[in-house]
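Position 1 is the first residue of the sequence, and the numbers go up from there.
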Amino acid sequence: MQSVGYKQVHKYTLIITEKPDAAKQIATALDEQEKPKKKISKGVPYYTAYREGYILVVPALGHLYTIKSNQKGIRDYPVFDYNWAPIHHTKKGAYNSYNWLKAISELSKNAESFVDGCDYDIEGSIIGFTILKYACNGKHEIAKRMKYSTLTKEELRKAYKNLLPKLDFKLIDAGLTRHEIDWLYGVNLSRALTQAYEVNSGKYSTLSTGRVQGPTLKFLEQREKDIQCFVPIPRWKLTAEIRINGIQQAVDYEKTIEVLTEAKKIRDECKTRNGKIDLITVKESVHEPPLPFDLSSIQSEAYKIFKYTPMSTANILQSLYLDALISYPRTSSQKLPESIGYIDILKKIGKAPVYAKHVDELLNKTFLKPNEGKKIDTAHPAIYPTGNSPQKLLDSKQRNLFDLIIKRFLATFGDPAIRQTKTVWINLNGKKFFFITIKTLVEGWFRFYEPYVKMKEDTLPNVLEGQTVDVKRIVLKRYFTCPPPRYNPRSLLLKMENEGIGTKATRASTIQILNERKYIKGSNFLEINELGFVISEVLEKYCPIIVTTEMTKRLEEKMDSIQEGKNTKQNVLNDAIDILKTITTELKMNETKIGAQLNKTVKEANLREKIICSCRNCQSGKLIILRSKKTGKRFVGCTNFFEGKCNISYPLPQKGTIKPLKNQCRICGSPTILVYFKDRNSMRLCLNLHCPQKGKRNCEMQNL
C-alpha cells in the first residue's frame, strides 16, 4: 500500500468512530493489507488505509458535544434556552476535546465522502451526528452509515461494502430529545434544590435530581420505610426428626403455626415412636435453556455470580467489545439471528480445549437453534461471543465475563433439562409432616453453563407408601417474620427495568450518581441515607410528579415513538417543557421551606461525616474533624472543647480522604482512621502520637 496522509491525497473517505480502539480495529479490517498507517494530528491519533480508494479513520473520545445553557454567568432557574456546544465549553478537565475537534475539522476539509462509523445505537448516533454537523460543517446531510454489531474483520468489511445511504435521523432525533429532556429536568431541578439550600444556609452544595433519579430514589426511600415500619410477628415451626432405613431425615409440619398454644397442642398430639408414609408424589419439571444475554440480564447475572456492579459490568463488556471478543453489549435484544453464523462461531470457540467437548456435542446435533426471548432490538442482536481468541492478557474480571458469555451462548443451544421433585408425606398420630427431595434426571443445558447454574441435588432414601418410620424427637421452634430486603444493585436495576424508567445504557449510571451524591450508601445492599430521604421527601411534597414512575414512563414512550416515526422531537420537547414549567413554579414558591429542610439535613450529614468516635477522655463528648482558623490545618478535637470541658486533640494528615474505623488501636486503644489517597492507596493510622508502635509500624500501606 502506498504511504498516504490527508495532505498528500486530494480526495478520501473520512470515517468517524466512537473511540480510538474502534478506529484501529476498523482501519485494520478495511485496509487491503491489514496494515493501516497510524498518524498524529494535534495529538490526535488517526489511521490511513486503502480499500478501493483512500480512507481516513479518525476517532472521537465518546461525546465531544454536549448541551449548554445560553444564560451567561447566571445559575438561576428555570432555564429553557440552550444549544449543543463542544464539551470543553462546559466540562472542566475536557480541554483535550478542543484539539480533538480541531483535528477532525481539518481532516474533514479535503474529504470526498463521509461515513458515520460510530456504534449503531442512540449514543453512537448522537456522537457521529454532532461531529459531522458541527466539526465537519454540516456533513451529516450527506454522510453514509456503517452498521455492525461486532468489530470482527469480516463484519466490518461487510458493513463498509454495504453502507446505509444516510444516517438514521429518527434514531438521532430520539437520542437528541432524550438528552435534551434529561438536561432540562436535571439542570432545573438540581438548580432549584441547590439554590434553595444556598439561600437558606449561605453556603454552596451540589444537590441534584432528575427525571430518572427521582423515581429511583423514591424506590429506595419507600423500601427503607417498609423496613423501618416493619413489625416482626412471631411464628412457630414444628419439625420432627425421623429415621428411614437407617437414614436420619428432618420433616416439617404441613403448615406454619401462628399461635403458641396451638403449636404446643399439635406438638403434644403428634408425639409417637412410629409414623407411617401415607403418600409419595412425584413431579417432573422441564427447564428450558436460558435466553441469550441482553445488557440488563448480563448485568444482573454478573452481580449475582461475581458481585460486579452494573456500571462495572458495562465497562468490562465495552472493553471486550473493543477487543472484538463479543458483540455490541448495549442491546435489549434476546434474539440470535442465524446470520451471525452459529457454526463458524462454535468452531472458533471449540479451538479452546476448555470448550472443545461441549462444542463438539453441539455441532453433532441434527438441528442447531438457540432458545430466544421476545425482546427485540432493531439495531443489534443479543450479546454473543465472536469466536475470536484474546490477543492480549485479560484481567480476572474480563476473563470471568468472557467465560460467562461463551457458556451462556453454548447453553442457549442445549437441550431442556429435566428435574424431579418428590414429596413424601408422613403421618404422625394423624398429623401430616413432609419432606421434599429434588434431583436432576436429564442434565441438558446445565452442563454447558457450569459452574454458573447451581442446582440442589438430594439423595432420596428408598421409601415406599405404607412404610413405617422411627420418630426420634419433635422440635418446636419460634421465628419471626422478616422485613423486605434492601435493594442491591441487581434488584434495583431490575426494578427500574420493570417500571420502564431509564434505558439499558443509563440505568447503571443513575445508580452510580445516587451513590456519588451520597444519597445512598453501601455496595451490596443499597441503603438510603438521611440526605437521600430528605431529597425524596422534598420532591414528593413540592413536585410529586417527579418521583412517580408515570411521568418518566410516559416520556420514555414518547421518545420511543420518535424513533418509530410516530411523533416529532419538537412535540415531545414542548410537552416535557410544559410539565417542567409547572414543577419549577411550585419549587420557586416553596424555596424558603425547601431550603430550611435541606440546610438542617446537610448540616447534620456533614457533622456525622466528621465524627470519629466517642471521646474516651471526657466520656461525654465526640471526637470530630476540625480545622484551625489560624493555620487552616485539620485535626481531631472533642466537641466539649467549646464548653471548656475537654482539650484532647490529635493531628491528622493534611491530604487524603478520612474514614473513621470502628476498631480501636490494638496497642494503645486509641481511635484509628483510614486515609484514602488519589493514587488509590490507603493508610491505616492510629491517632495517638505516643502509641508504643509509633515509629515502628503504626500504619499499614495497602492497595485498595
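Partners of Y77 by ring pair (Phe, Tyr, Trp, His ring centres under 6.0 Å), not counting sequence neighbours: none found. Remark: R507 pairs with no residue by the salt bridge (Lys or Arg N to Asp or Glu O under 4.0 Å) rule, at least two apart or across chains. T239 pairs by the side-chain hydrogen bond (donor to acceptor under 3.5 Å, both in side chains) definition with D252, not counting sequence neighbours. Legend: residues meeting salt bridge (Lys or Arg N to Asp or Glu O under 4.0 Å) with K42, ordered by chain and number and at least two apart, are E106. Applying the ring pair (Phe, Tyr, Trp, His ring centres under 6.0 Å) rule to Y519 yields no partners; only residues at least two apart in sequence or on another chain are considered. Listed by chain and number, the residues in a salt bridge (Lys or Arg N to Asp or Glu O under 4.0 Å) with K19 amount to none (sequence neighbours excluded). Annotation: salt bridge (Lys or Arg N to Asp or Glu O under 4.0 Å) contacts of K477 (sequence neighbours excluded): none. The ring pair (Phe, Tyr, Trp, His ring centres under 6.0 Å) check on Y98 picks up H88, with sequence neighbours excluded. Every residue two or more places apart in sequence or in another chain was checked for a side-chain hydrogen bond (donor to acceptor under 3.5 Å, both in side chains) with R267, and none qualifies. Partners of W236 according to the ring pair (Phe, Tyr, Trp, His ring centres under 6.0 Å) rule, which considers only residues two or more places apart in sequence or in another chain, do not exist here.
Between I546 atom CD1 and E586 atom CD the span is 13.0 Å, to the nearest 0.5 Å. Between the CD atom of E556 and the CE atom of M551 there is a distance of 10.0 Å, given to the nearest 0.5 Å. Rounding to the nearest 0.5 angstrom, the gap separating the CZ atom in F641 from the SG atom in C618 is 12.5 Å. Rounding to the nearest 0.5 Å gives a distance of 11.0 Å between CG of L193 and OG1 of T206. The CD atom of E198 lies 12.5 Å from the CG atom of L598; values are rounded to the nearest 0.5 Å. A distance of 11.5 Å separates CZ of R399 from CD1 of I316, quoted to the nearest 0.5 Å.
Using a distance-only test at 3.5 Å, with no hydrogens or angles considered, a donor-acceptor pair links the side chain of T130 to the main chain of I127. Under a 3.5 Å cut-off, the side chain of E499 and the backbone N or O of M496 do not form any donor-acceptor pair. At least one donor-acceptor pair under 3.5 Å links the side chain of S190 to the backbone N or O of T209.
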Donor-acceptor list for residues 216-223 side chains, cut-off 3.5 Å, not counting sequence neighbours:
{"from": "T216", "atom 1": "OG1", "to": "V212", "atom 2": "O", "distance (Å)": "2.8"}
{"from": "K218", "atom 1": "NZ", "to": "E221", "atom 2": "OE1", "distance (Å)": "2.9"}
{"from": "K218", "atom 1": "NZ", "to": "E540", "atom 2": "OE1", "distance (Å)": "2.4"}
{"from": "K218", "atom 1": "NZ", "to": "E540", "atom 2": "OE2", "distance (Å)": "3.1"}
{"from": "E221", "atom 1": "OE1", "to": "S536", "atom 2": "OG", "distance (Å)": "2.6"}
{"from": "E221", "atom 1": "OE2", "to": "K225", "atom 2": "NZ", "distance (Å)": "2.8"}
{"from": "Q222", "atom 1": "NE2", "to": "D226", "atom 2": "OD1", "distance (Å)": "3.1"}
{"from": "R223", "atom 1": "NH1", "to": "P485", "atom 2": "O", "distance (Å)": "2.5"}
{"from": "R223", "atom 1": "NH2", "to": "Y487", "atom 2": "OH", "distance (Å)": "3.4"}

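Summarising the geometry of E224 relative to I528, their closest heavy-atom pair is CB-CG2, 3.6 Å, with the distance given to 0.1 Å. Across all non-hydrogen atoms, the minimal contact from L404 to I305 is CD1-CD1, 3.9 Å. Between R330 and A505, the shortest heavy-atom distance links the atoms CD-CB, 3.6 Å.
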**Request:** Decide yes or no on side-chain contact (heavy atoms from CB on, under 4.5 Å) for F80 and N188, but give the supporting numbers first.
**Result:** CA-CA 9 Å; F80 301 114; N188 281 289; 4.3 Å; yes
**Request:** Applying side-chain contact (heavy atoms from CB on, under 4.5 Å), run through K397 and L401 and close with a yes or a no.
**Result:** CA-CA 6 Å; K397 290 185 176 181; L401 281 191; over 6 Å; no
**Residue pair L189, L587: steps toward the side-chain contact (heavy atoms from CB on, under 4.5 Å) verdict** = CA-CA 9 Å; L189 298 178; L587 290 173; 3.7 Å; yes
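Pairs of residues two or more places apart, or lying in two chains, that qualify as side chain to side chain donor-acceptor pair (under 3.5 Å) and include a residue from residues 295-307 are D294-S297, S300-R490, E301-K304, E301-Y449, Y303-N524.
The residues E550 and R554 are annotated as not salt-bridged, no charged nitrogen and carboxylate oxygen being separated by less than 4.0 angstrom.
Within 6.0 Å of the CZ atom in R616, the count of heavy atoms belonging to other residues, nucleotides or ligands exceeds 12.
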